[in-house]
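Chain identifiers are assigned alphabetically (A, B, ...) following the order of the sequence lines, protein sequences preceding nucleic acid strands; residue numbering begins at 1 within each chain. Keep in mind it's a predicted model, so treat the numbers as computed, not measured.
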Amino acid sequence: MSESRDDAQTKTRGTLLVVDGHSLAFRAFFALPAENFSTQAGQATNAVWGFATMLSQVLDSEKPDHLAVAFDMKGGTFRNEMLPQYKGTREAAPEDLLTQLPLIQKMLTALGVTYVEKQGYEGDDIIATLAAMGERSGYDTLVLSGDRDAFQLIDERVTVLYPGHHFKDLKHMTPQAVEDKYHVGPAQYPDLAALRGETADNIPGVPGVGDGFAAKWINQYGGLEGIIEHADEIGGKKGESLRENIEQVKLNRKVNALRRDVDLGIGIEDLTFGEVDADALSELFTSLEFGPRTRSKVLKSFNAGKQASDAADKHADDEDTSDDLRIPEAVTIADEAALAAWIDSARDGLGSPADNSDDEPRNRAHCADVMASTCALYAEGSSKPGNPGCSVLMLEVGGKAAVLEAGVIAGVRPALQRFLDGHADRIVVHGYKEQSHILASLGLDLAEPWFDTKLAGYLVQPDYHADSLEQAASHFLQLQLDNADDVAQGQLDLSGDVDPADQRKDLLHMAMVRALADMLAAKIDEREQFRLLQSIELPVSHVLFGMEQVGASVDFMRLTEMRDRFAVDARDAQETAWQFAGSRVNLQSPKQLQAVLFDDMGLKPTKKTKSGSYTTNASALQDLAVRSVGNERANGFLTALLRHRETNKLKQIVQSLIDAVNPDDGRIHTTFEQTVAATGRLSSVDPNLQNIPNRNAEGREIRSAFVPGEGYESLLSSDYSQVELRIMADLSGDDALIEAFRSGADFHKYVASLVYGIPVDDITPDQRTHVKAMSYGLAYGLSTYGLAQQLKISPGEADRLKSQYFATFGKVHEYLESLVAGAREKGYTETMFGRCRYFPGLQSPNRNIRDAAERGALNAPIQGSAADIMKIAMIHASDALAKAKVRSRIILQIHDELVVEIAPGEAEQVTGLVRDAMEHAGDLAVPLDVSTGIGSDWQLAAH
DNA sequence: GAAGAGCCGTT
DNA sequence: GACGTACGGCTCTTCT
């Protein structure tokens, strides 16, 4: 990566690094969770911290001897005068970021780094000017920027460092790299950008023209000027599009040209760095509550500037840049004696708390004692519920890891199991449920561990989802994995015939679990979420593990029979649609449908999609069908199309179930994702068993394919009635609503009678439906417009319904308002059991983002509390079934419903146990109402 | 082959 | 001018 500096170019005087300050600050701000980086007083510090560490990284790897940081200044630039909408959609920087910019500049000053800003110019122009200056003076120049406009600066002496998805994989954009990626040279890049446009900056390009076509034209006509000259010769839609937008393109080109002649009043000699004002820096970092590690790392990188400018390359680095990740010492276990020896040596580490004095001191929590004496466990392999597998298992205590290849496990299984049983409450894992599947494939069983880094990460940041351990580690620890790899090399036990690279990787993973645990345990403790983790998430993981392992039995014949039937229906509908259309349009292609409906048949489109084309979704099609009643062709086509959509979807769902059946046991083993839904709900994948049709009879029939397996006699379906509304009643303390639930009457009818002020018996079905929709809409932040749409009533009517509703249930209104207000103030919402969710969007200047965040803030605590309650119910139900020593078992959860496979003779008892667990999962001011049903398949179990 | 758009199933 | 939460997943289209 860094060879560019070493070869050739011996005549350069040195390297100048020019940094786009805003770009880097933005990136740092959005890459790091603000909630994890703020001072006691509430000042966000994520951008400052990120800026410092990211810049340190670049200094370490590029070793420049001159450095300058450019910033934009407030107020417009000459560009706004040319193009008023310039950067119009780009959201104004969040308040939390703006307050950090002065801190960043203060930090740069303390670090002895020059920063430059100038009224009326963008950072980009300053960068261009600085780069030109560096080049003139004979320096190699690096430009660190996430803005592609900087590509025009690239030449033999100027390289742009452009961040990829992860900041650490900076791309060195050289002339060749630009050529490879865009097929034009750097000098022509602005031409290409002008044609393509820049969505991020609200600069429209030529619709339909992307990088590819722009490059083709540029190469054909020599550049934008040539293209404009020959615009008439370019054929096709794209040519037409170009001609229509030519003025815009010319303007774009004017605007994206960077000025390289801004008068900055400084020279290259002013851009040395490394004269760190240690006192000022120390004071600043202390006030920002940065730890000593950050301090020393930053200090070292920036001090290097001084050394670099007088002394040449010294190889005194890279050693401790990865001190977050200590690769354990590996002991390969081949037999029981070796295992016993390791366990013996581990005893000290597990017994007495070790000294962890090099940790960041700021979160010295009580859990530190326990943390210091835990055993990390990591099993590598497949955790797929149907067929898990394992290649290697590792245990680590106090930096010493026992490595057990899968082949040796059978020989030491009893001793290993004894160890696991004896120390489960000290074990730390990443993904208890997944690890349990892998262990199960070895015949091992892991009782609830003390800590799970995957679950902990989820509680700390429910919006973030890492899909691998590596990703979680790099996200939460900002690791430099490459360095960690280097460190790993020297320290391994290379005995045995295992590929050392593989083992190194496993040890690295082991180290990640350990490092994540250290970091996240402190967070969880600080946020007082240990209870949530240990008495809800971890136990429910265990229940889910069992559910996934058992799977759901299906009637395979029934499924294939249904699939065939839906396939015939879909085919028939397609045939009919084709006849009306007069052509064989692909009914699954929205694009082709648009052509038929709106061009060919000339129907008047209703709504647009977000990308601007006309929607062909079901509700629009229904609208069109109603409006085209006299038009037999259109109406016939629409009806057949809707029918096709419906049946084809059902066919698809059934087929996906068929594909998911495990041939070994004829059952479907879904995976319940416990760390995906930001509200705290579970989700189900591979296949998704939480979206099996239920709304109409035809789809619901699919549920009849879910049956009790061999040795079982029926299925129990048990679900909560109106949990979310009950939670609202409880949390709001609204007496009228509470009474509505306590009365035990038909809830929606009862509420309707209160809202409309008429006796329960006089409530019409319509009134009940309207009130019911209103009730459910509340928790979703439903607008009156949306309510009107759903109920097909006028907005005025919906408005009246809403005000009457709130007049009746005043405290509900107050409560919902308070949720949003609280979230705005604290930055997050909280469920009944302390599950948090953050809403940075509440501060957004963008209305849509803010509105969405408000709806989220309204919904999250309610949906989340319901999820908490269901999880508790599952834990209790599962315990109760185990304690009663029955064979019946929970097999599915669909948010507010549990499906239980019932063993012969257990129906009555198990129904009682499950019902009881669900009814008593939470202590609310209203009863938790549960309804149950039993049947010989899932459909029949409905009630 | 990946990425994005569009659509649609559940609660 | 848009306009209900939370998800997973299929198909088509476009670009690499």
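- A/E673 has no carboxylate O lying under 4.0 Å from a charged side-chain N of A/R681, or vice versa, which leaves the two without a salt bridge.
- Here the side chain of A/Q592 is nearest to one of C/dT13, B/dG6, B/dT10, namely C/dT13.
- Contact between the side-chain N/O atoms of A/K591 and the OP1/OP2 oxygens of C/dT11 is not found at any separation under 4.0 Å.
- At the phosphate of C/dG8, neither OP1 nor OP2 sits under 4.0 Å from any side-chain N or O atom of A/S684.
- A salt bridge between A/D463 and A/R837 is present, with a side-chain N of the basic residue lying under 4.0 Å from a carboxylate O of the acidic one.
- Side-chain N/O atoms of A/R681 include none lying less than 4.0 angstrom from OP1 or OP2 on B/dT10.
- A donor-acceptor contact under 3.5 Å links the side chain of A/N691 to the base of B/dG9.
- With salt bridges taken as basic N to acidic carboxylate O contacts below 4.0 Å, none links A/E548 and A/R667.
- At a threshold of 4.0 angstrom between heavy atoms, the contacts of A/T784 with the nucleic acid are absent.
- For the OP1/OP2 pair of B/dG6 and a distance below 4.0 Å, the side-chain nitrogens and oxygens of A/T616 include no atom meeting the criterion.
- Applying the 4.0 Å criterion to OP1 and OP2 of C/dC12, one finds that A/N586 has a side-chain N or O inside that range.
- Residues forming a side chain to side chain contact (heavy atoms under 4.5 Å, CB included) with A/S589 (at least two apart in sequence, or on another chain): A/N586, A/K591, A/Q592.
- In the interface, the side chain of A/Q690 is not paired with the base of B/dT10 through any donor and acceptor atom under 3.5 Å apart.
- With respect to the salt-bridge test (charged N to carboxylate O, under 4.0 angstrom), the residues A/K384 and A/D686 qualify.
- Comparing A/V685 and A/K607, the nucleotide of DNA chain C nearest to each residue sits closer to the 5' end for A/K607.
- Put simply, A/S589 has no side-chain N or O that comes within less than 4.0 Å of OP1 or OP2 on B/dG6.
- Among residues two or more places apart in sequence or in another chain, the ring pair (Phe, Tyr, Trp, His ring centres under 6.0 Å) test is passed with A/H813 by A/F806.
- Legend: residues meeting side chain to side chain contact (heavy atoms under 4.5 Å, CB included) with A/T932, ordered by chain and number and at least two apart, are A/L716, A/S718, A/T911, A/R915, A/V930.
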Can you name the atoms? Protein N/O to nucleotides 2-4 of chain B N/O, anything below 3.5 Å, with the distance.
none

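- Put simply, A/R645 has a side-chain N or O that comes within less than 4.0 Å of OP1 or OP2 on B/dC8.
- Near DNA chain C, meaning a heavy atom under 4.0 Å away, the residues from residues 646-656 of chain A are A/K649, A/Q652.
- Note on A/A867: nothing from the nucleic acid sits closer than 4.0 angstrom, heavy atoms only.
- At C/dT5, none of the side-chain N or O atoms of A/T679 fall inside 4.0 Å of OP1 or OP2 (strictly under the cut-off).
- Contact annotation: A/S683 side-chain N/O to C/dG8 OP1/OP2 distance is under 4.0 Å.
- Closest approach to the A/R847 side chain among C/dA2, B/dC7, C/dT5 is made by C/dA2 (side chain taken as heavy atoms from C-beta onward).
- A salt bridge links A/R643 to A/E698: at least one charged side-chain nitrogen sits closer than 4.0 Å to a carboxylate oxygen.
- When the side-chain nitrogen and oxygen atoms of A/R855 are compared with OP1 and OP2 of C/dT5, one or more of them lie within a distance under 4.0 Å.
- The salt bridge (charged side-chain N to carboxylate O under 4.0 Å, His left out) test applied to A/R558 returns A/E701, not counting sequence neighbours.
- Nucleic acid contact for A/R700: none, since no nucleic acid atom lies under 4.0 Å from a heavy atom of the residue.
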